[in-house]
Enquirer: 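Here you go, one structure.
Lettering follows sequence order; numbering is per chain, from 1.
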Amino acid sequence: MNNSEQKQYFSTELLAWYRRNKRDLPWRRSRNPYYIWISEIMLQQTRVDTVIPYFHRFVDKFPTVDALADAPEEEVLKAWEGLGYYSRARNLQSAVREVKERYGGVVPDTKDEVFSLKGVGPYTAGAILSIAYNKPEPAVDGNVMRVLSRYFLIEEDIMKGSTRVTMEKLAQELIPEGAAGDFNQGLMELGALVCTPKSPGCLTCPVLAHCAGRAAGVEDTLPVKKKAKPPRPEQRYVALITDAAGRVLVRQRPQEGLLARLWELPHTEAPGLLTLPDAAAAQEALAGHLAEDAGVGLGQVAWLMQAEHVFSHIRWELEVYTGGLVPSPLRPDEPQLLPSQYRWISPDDMEQLAFPNVFLRILNAYYGQQAIIAHKK
DNA sequence: AAAACGGGGAT
DNA sequence: ATCCCAGTTTT
């Protein structure tokens with residue numbers, strides 16, 4: 001069997017397998033390019049089972065390009081709350097506004113136009129063009145690189161850009177005539193259901209017969225991938241400040257950067273690294289932070305709980321303290337006027353404001369599970 | 001080419 | 001505890 005026959009076999013068998021075994025997923029029930037687009041953005045770095053409920057809520061709330069383009073950003077972030085990588089939501093809305101203005105609300109169907117949309121890179125452009133419009137463009141994600149690296153025994157590091165380009169070329173050659181959408185989805189479906197990262201189900205694989213990785217007995221060592229650096233730890237004090245009415249002091253994060261424009265409890269990095277609860281040290285650090293950032297004074301604090309939030313590059317190790325405000329040491333006779341990014345909220349207000357999951361967990365613990373609706377179980 | 005950017009599920 | 005995931009943007 002030569003290389004060309006190995007490719008031909010792969011394309012034919014994979015396509016047939018997909019058409020027999022594809023999952024019934026919400027975004028597969030139509031060819032609406034807007035729905036396909038939403039699903040592909042949500043699925044970046046995120047599992048199918050996590051995305052499904054978000055997808056339903058999102059298209060219910062924003063059923064069309066125009067509806068999403070016209071929505072307040074706050075509502076879009078709230079609909080994305082808990083999904084992570086919030087720039088996806090902001091870029092998506094920015095791109096949808098461009099589609100409304102420049103393309104009359106119709107998702108474009110050429111590579112250059114789709115690729116130029118904010119938040120749409122090589123993978124998503126290929127996915128939209130192939131799945132929504134059946135155009136013969138490759139859609140190479142982590143699943144596809146794993147499947148191809150095993151079947152064709154490719155040992156290049158998949159973290160390298162040059163490897164992705166190689167894979168895209170190969171993936172494009174494999175697309176059967178007129179079946180780009182099903183084939184590309186089949187490639188990803190095989191990676192998700194059979195050719196899994198660990199313990200691949202080779203015995204049920206439709207292309208086992210000509211899989212070079214399996215023949216060489218190296219399916220478990222592929223794909224080759226350089227290890228990522230572990231996230232750097234960051235110890236932080238968090239202030240859960242309440243007023244006489246039981247409202248909680250929250251603040252909105254800056255326009256750019258980590259968790260941009262989401263809401264949170266005030267917090268500041270601990271000067272030294274300590275492990276035991278130390279209310280005096282926490283009070284000093286948080287009072288200094290709140291004086292500078294909000295112009296308010298912090299009274300005594302009491303330890304409430306620990307929390308952790310792991311990003312791909314940072315590990316927040318949080319010590320949460322409760323407390324209340326006192327007259328500012330700088331302006332003891334002034335009323336406590338807050339900067340615009342700060343706000344007192346009650347549980348009902350959480351329905352409008354988007355918080356990262358770690359703060360939802362803290363607030364849920366504080367309120368004793370009532371009131372706050374996190375998206376998680 | 002490397003870093004920034006969330007969160008959860010599987011093992 | 002460790003790895004990984006239907007990636008894109010910025011530096």
Enquirer: Would you indicate, yes or no, if B:dA10 has its OP1 or OP2 atom less than 4.0 angstrom from a side-chain nitrogen or oxygen of A:Arg47?
Expert: no

Enquirer: Just N and O in the side chain of A:Gln45: are any of them under 4.0 Å from OP1 or OP2 of C:dG7?
Expert: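 It does, given that an N or O in the side chain of A:Gln45 lies less than 4.0 Å from OP1 or OP2 of C:dG7.
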
Enquirer: Establish, from distance only, whether the side-chain atoms of A:Tyr237 and A:Gln283 form a donor-acceptor pair under 3.5 Å.
Expert: no

Enquirer: In whole angstrom, what separates A:Arg315's CZ from B:dG6's C1'?
Expert: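 For the pair A:Arg315 CZ and B:dG6 C1', the rounded distance is 14 Å.
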
Enquirer: With a 4.0 Å cut-off on N to O distance, would you call A:Arg253 and A:Glu264 a salt bridge?
Expert: yes

Enquirer: Without decimals, in angstroms, what is the distance between A:Tyr85 OH and C:dT8 P?
Expert: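 From A:Tyr85 OH to C:dT8 P: 12 Å.
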
Enquirer: For the pair A:Arg150 and A:Glu219, find out whether any cationic side-chain nitrogen is under 4.0 Å from an anionic carboxylate oxygen.
Expert: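 Here A:Arg150 does not pair with A:Glu219 in a salt bridge, since their nearest N and O are not under 4.0 Å apart.
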
Enquirer: Here's a test of your reading of the structure: between A:Gly161 and A:Arg232, which maps to the more 5' nucleotide of DNA chain B?
Expert: A:Gly161

Enquirer: Decide, yes or no, whether a salt bridge links A:Lys78 with A:Glu81 under the criterion of side-chain N to carboxylate O below 4.0 Å.
Expert: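 Salt bridge flag = yes for A:Glu81 with A:Lys78.
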
Enquirer: Give a yes/no answer on whether the side chain of A:Thr124 brings an N or O atom under 4.0 Å of OP1 or OP2 in C:dT8.
Expert: yes

Enquirer: In terms of side-chain heavy atoms of A:Asn357, which of B:dG7, B:dG6, B:dA4 is nearest?
Expert: B:dG7

Enquirer: Quick one: which of B:dC5, C:dC5, B:dA2 gets closest to the side chain of A:Lys226?
Expert: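 The answer is B:dA2.
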
Enquirer: Is there a side-chain polar atom (N or O) of A:Arg146 under 4.0 Å from OP1 or OP2 of C:dA6?
Expert: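 Checking A:Arg146 against C:dA6: at least one side-chain N or O falls below 4.0 Å of OP1 or OP2.
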
Enquirer: Which sits closer to the 5' end of DNA chain B, A:Lys229 or A:Gln44, going by the nucleotide each is nearest to?
Expert: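 This one resolves to A:Lys229.
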
Enquirer: For atom P, what is the distance between C:dC3 and B:dG6, given to the nearest Å?
Expert: 22 Å

Enquirer: How many whole angstroms separate atom CG of A:Leu262 from atom P of B:dG7?
Expert: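 Distance, rounded to whole Å: 8 Å.
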
Enquirer: More than 12 heavy atoms of other residues, nucleotides or ligands under 6.0 Å from CD of A:Glu284: is that the case?
Expert: no

Enquirer: Using atom C1' of each nucleotide, how far apart are B:dA3 and C:dA6 to the nearest Å?
Expert: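 Each nucleotide's C1' atom is 22 Å from the other's.
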
Enquirer: Could you state the CD-P distance from A:Glu308 to B:dG8, rounded to the nearest angstrom?
Expert: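 One finds 12 Å between P of B:dG8 and CD of A:Glu308, rounded.
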
Enquirer: With respect to the phosphate group of B:dG8, does any side-chain polar atom (N or O) of A:Arg361 fall under 4.0 Å of OP1 or OP2?
Expert: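 Yes, because at least one side-chain N or O of A:Arg361 sits under 4.0 Å from OP1 or OP2 of B:dG8.
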
Enquirer: Just to be sure I understand the rule, does A:Arg28 reach a base, reach only the sugar-phosphate, or reach nothing, if contact means heavy atoms closer than 4.0 Å?
Expert: base

Enquirer: Could you tell me the separation between the CD atom of A:Glu81 and the P atom of B:dG7, rounded to a whole number of Å?
Expert: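 Interatomic distance, CD of A:Glu81 to P of B:dG7: 9 Å.
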
Enquirer: Given the P atoms of B:dC5 and C:dC4, what is the spacing between them in whole Å?
Expert: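 B:dC5 and C:dC4 have their P atoms separated by 23 Å.
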
Enquirer: Does the C:dA6 base have a donor-acceptor partner in the side chain of A:Arg23 within less than 3.5 Å?
Expert: yes

Enquirer: Using a heavy-atom cut-off of 4.0 Å across all strands, would you classify A:Gly191 as base, sugar-phosphate, or nothing?
Expert: nothing

Enquirer: Which residue, A:Val248, A:Ile241, A:Val358, forms the side chain to side chain contact (heavy atoms under 4.5 Å, CB included) with A:Leu265?
Expert: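 Checked A:Val248, A:Ile241, A:Val358 against A:Leu265; only one passes side chain to side chain contact (heavy atoms under 4.5 Å, CB included): A:Val248.
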
Enquirer: What is the distance from CD of A:Glu234 to C1' of B:dC5, rounded to the nearest Å?
Expert: 14 Å

Enquirer: Sort out for me which residue in A:Trp80, A:Tyr34, A:Trp27 forms a ring pair (Phe, Tyr, Trp, His ring centres under 6.0 Å) with A:Phe58.
Expert: A:Trp80

Enquirer: May I have the distance from A:His313 (atom NE2) to B:dA4 (atom P), rounded to whole angstrom?
Expert: 6 Å

Enquirer: Mapping A:Leu43 and A:Lys227 to their closest nucleotides on DNA chain C, which lands nearer the 5' end?
Expert: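 Its nearest nucleotide being more 5', the pick is A:Lys227.
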
Enquirer: Do the side chains of A:Arg247 and A:Asp349 get close enough for a salt bridge, i.e. N-O under 4.0 angstrom?
Expert: no

Enquirer: Side chain of A:Asn143: nearest nucleotide among C:dC5, B:dG7, C:dT8?
Expert: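 Nucleotide nearest to A:Asn143's side chain: C:dC5.
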
Enquirer: Return the nearest nucleotide to the side chain of A:Leu259; candidates are C:dT8, C:dA6, B:dG7.
Expert: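 In terms of side-chain proximity for A:Leu259, the closest of C:dT8, C:dA6, B:dG7 is B:dG7.
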
Enquirer: Given the C1' atoms of C:dA1 and B:dG8, what is the spacing between them in whole Å?
Expert: 15 Å

Enquirer: Of the candidate nucleotides C:dG7, B:dG7, B:dC5, which contains the atom at the shortest distance from the side chain of A:Leu258?
Expert: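 For A:Leu258, the side-chain atoms sit closest to B:dC5.
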
Enquirer: Could you check whether A:Val310 gets within reach of a base, just the sugar-phosphate, or nothing at all, counting any heavy atom under 4.0 Å?
Expert: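 Base, at least one base atom sits under 4.0 Å.
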
Enquirer: Using a cut-off of under 3.5 Å, enumerate the N/O to N/O pairs linking the protein to nucleotides 9-11 of chain C.
Expert:
| unit_1 | atom_1 | unit_2 | atom_2 | d |
| --- | --- | --- | --- | --- |
| C:dT9 | OP1 | A:Gly119 | N | 2.4 |

Enquirer: Between B:dC5 atom P and A:Met42 atom CE, what is the distance in whole Å?
Expert: 22 Å

Enquirer: Tell me every residue that passes side-chain contact (heavy atoms from CB on, under 4.5 Å) with A:Ala260, counting only those two or more places apart in sequence or in another chain.
Expert: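 Expected list: A:Arg90.
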
Enquirer: Report yes if at least one side-chain N or O of A:Lys225 is closer than 4.0 Å to OP1 or OP2 of C:dT2; otherwise report no.
Expert: no

